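Just so we're clear, the structure is a prediction, and the values are computed from it rather than from any experiment.
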There are 2 protein chains.
Amino acid sequence: MSPRRSAADARETRQRILDLSLGIASAEGLEGLTIGRLAAELGMSKAGLLGHFGTKEALQLAVVDEAAAVFQREVPGRVRQAPSGLRHLRAVCEAWVSYLERNVLPGGCFFTAATAEFDGRRGPVRDALAGMNALWRRDLRIHIRRAVSFGELPPDTDVDQLIYDLLGVMLALNHFLQLERDPAAPHRARRSLDRLLGGR
Amino acid sequence: MSPRRSAADARETRQRILDLSLGIASAEGLEGLTIGRLAAELGMSKAGLLGHFGTKEALQLAVVDEAAAVFQREVPGRVRQAPSGLRHLRAVCEAWVSYLERNVLPGGCFFTAATAEFDGRRGPVRDALAGMNALWRRDLRIHIRRAVSFGELPPDTDVDQLIYDLLGVMLALNHFLQLERDPAAPHRARRSLDRLLGGR
DNA sequence: CCTACCGATCGGTAGG
DNA sequence: CCTACCGATCGGTAGG
């Protein structure tokens with residue numbers, strides 16, 4: 001009918017590109033994204049695809065944003081109703097485990113993969129990844145501080161130490177799920193979380 | 001003098017290739033290794049370089065072996081004199097922290113980077129990485145079991161859970177060192193280890 | 001170990 | 001969004 005594509009069509013195409021890119025990047029890395037491959041899998045031309053972003057680096061940055069949106073929706077977005085303090089912190093961590101357990105992305109946690117890939121480089125992509133990690137730590141910090149102020153965690157809790165340990169639990173979970181395909185890994189993650197956040 | 005290179009020369013050249021490759025791979029990934037770049041940085045031809053390995057995949061497998069040799073030398077190799085049991089386990093973990101703290105490789109832990117890069121793929125490289133991880137877990141398991149049998153760890157110690165937690169500490173250490181360049185990270189790792197293996 | 005080459009693919013652009 | 005193209009680089013080979 002209409003020979004001219006609408007802005008809504010363009011947005012939809014852009015979203016299709018990002019969805020596919022995020023899946024590929026989680027499994028094979030942000031550098032494994034190539035314009036030619038994406039275009040072929042989506043049945044469009046390289047130029048048409050690149051027109052949505054301009055450069056490969058802009059595409060990578062858009063994928064980082066998309067990954068953050070998915071994570072936001074699947075982890076903190078799922079526990080907004082949880083009561084403030086330690087219960088919220090526990091709910092967020094459980095949603096985090098569940099997110100990895102459900103294999104929302106084919107390659108596991110995008111941020112773990114991309115961070116390991118880019119932490120030795122410089123540039124906007126690395127900076128964007130570091131920024132997302134910092135935002136997430138700030139979220140965790142807020143919940144931990146509240147739990148402390150509510151008396152649900154000991155007053156001498158070392159907040160940064162707890163963030164360190166929680167991240168370690170999640171990195172190990174991703175490792176055992178992705179490399180070993182160990183179905184016991186989520187159980188281990190939950191046990192560690194119970195130990196860190198007070199069993200039960 | 002001698003127009004003909006000796007077998008010893010060839011071995012030395014091979015070692016130079018592997019040393020450079022391991023450094024690059026730790027920082028930029030095993031796929032970031034390209035024959036052309038290596039040849040240029042070493043002042044030799046691509047064909048000359050490739051002659052030592054045959055294919056890029058064979059080079060990648062050789063780099064995995066080289067990484068294992070370095071790790072073996074720098075971690076378990078440094079604590080061979082430590083007494084058996086919990087003290088040995090603690091010494092190994094301390095050597096592990098120290099290995100990352102000293103930045104033996106420019107990009108941090110090669111296995112962390114390479115595992116995150118290849119865990120979503122198939123093939124010999126992924127298998128080799130999984131095998132190295134399994135060997136290392138076996139080492140840890142032996143030390144943990146001894147510590148339990150010596151009565152230095154509780155008799156109901158969940159060995160696989162402890163291995164999971166120890167790996168999490170190291171993955172978090174690598175993350176905070178490489179992405180955040182956080183100088184407090186080794187201290188946090190040691191605190192977590194003390195908590196897992198009994199303080200002091 | 002080298003030179004000289006191969007086909008394929010990379011990111012990106014011109015022009016429509 | 002397309003076709004048609006660019007120079008650069010990829011892994012690898014032939015032949016010495």
Whole-Å distance, B:Leu50 CG to D:dA14 C1', equals 14 Å
(Q) Is the shortest side-chain heavy-atom distance between A:Leu30 and A:Val64 below 4.5 Å? (A) yes
Q | Side-chain donor-acceptor contact under 3.5 Å, A:Glu74 with A:Ser98 | A | no
Atom CZ of residue position B:Arg122 - does it have more than 12 heavy atoms of other residues, nucleotides or ligands inside 6.0 Å?
no
Paired runs of 3 or more consecutive Watson-Crick or G-U pairs involving DNA chain C, with both pairing distances under 3.5 Å, are C:1-16 with D:1-16
*Is any side-chain heavy atom of A:Lys56 less than 4.5 Å from a side-chain heavy atom of A:Glu31?*
yes
Separation between CG (A:Leu33) and CD1 (A:Ile17), nearest 0.5 Å, reads 11.5 Å
Notebook entry, point to check: Are any of the side-chain nitrogens in A:Glu152 or A:Arg90 under 4.0 Å away from the carboxylate oxygens of its partner?
Noted result: no
Next item on the list: Ignoring backbone atoms, establish whether B:Thr13 has a side-chain N or O less than 4.0 Å from OP1 or OP2 of C:dC1.
Entry: yes
Whether the B:Gln161 and A:Ser192 side chains hold a donor-acceptor pair (N or O, under 3.5 Å, no angle test) is what I'd like checked.
yes
Note: contacts of residues 40-47 of chain B with DNA chain D (heavy atom, under 4.0 Å) are B:Lys46, B:Ala47
Note: contacts of residues 26-38 of chain B with DNA chain D (heavy atom, under 4.0 Å) are B:Leu33, B:Thr34, B:Ile35, B:Gly36
Validation row, ring centre B:Phe71 to ring centre B:Trp136 under 6.0 Å = yes
Nearest heavy-atom approach of B:Ser21 to B:Val63 is CB-CG2, 3.6 Å
A:Arg16 atom CZ is separated from D:dC1 atom C1', nearest whole Å, by 13 Å
Q) Can A:Asp160 and A:Arg141 be counted as an ion pair, charged N to O under 4.0 angstrom? A) yes
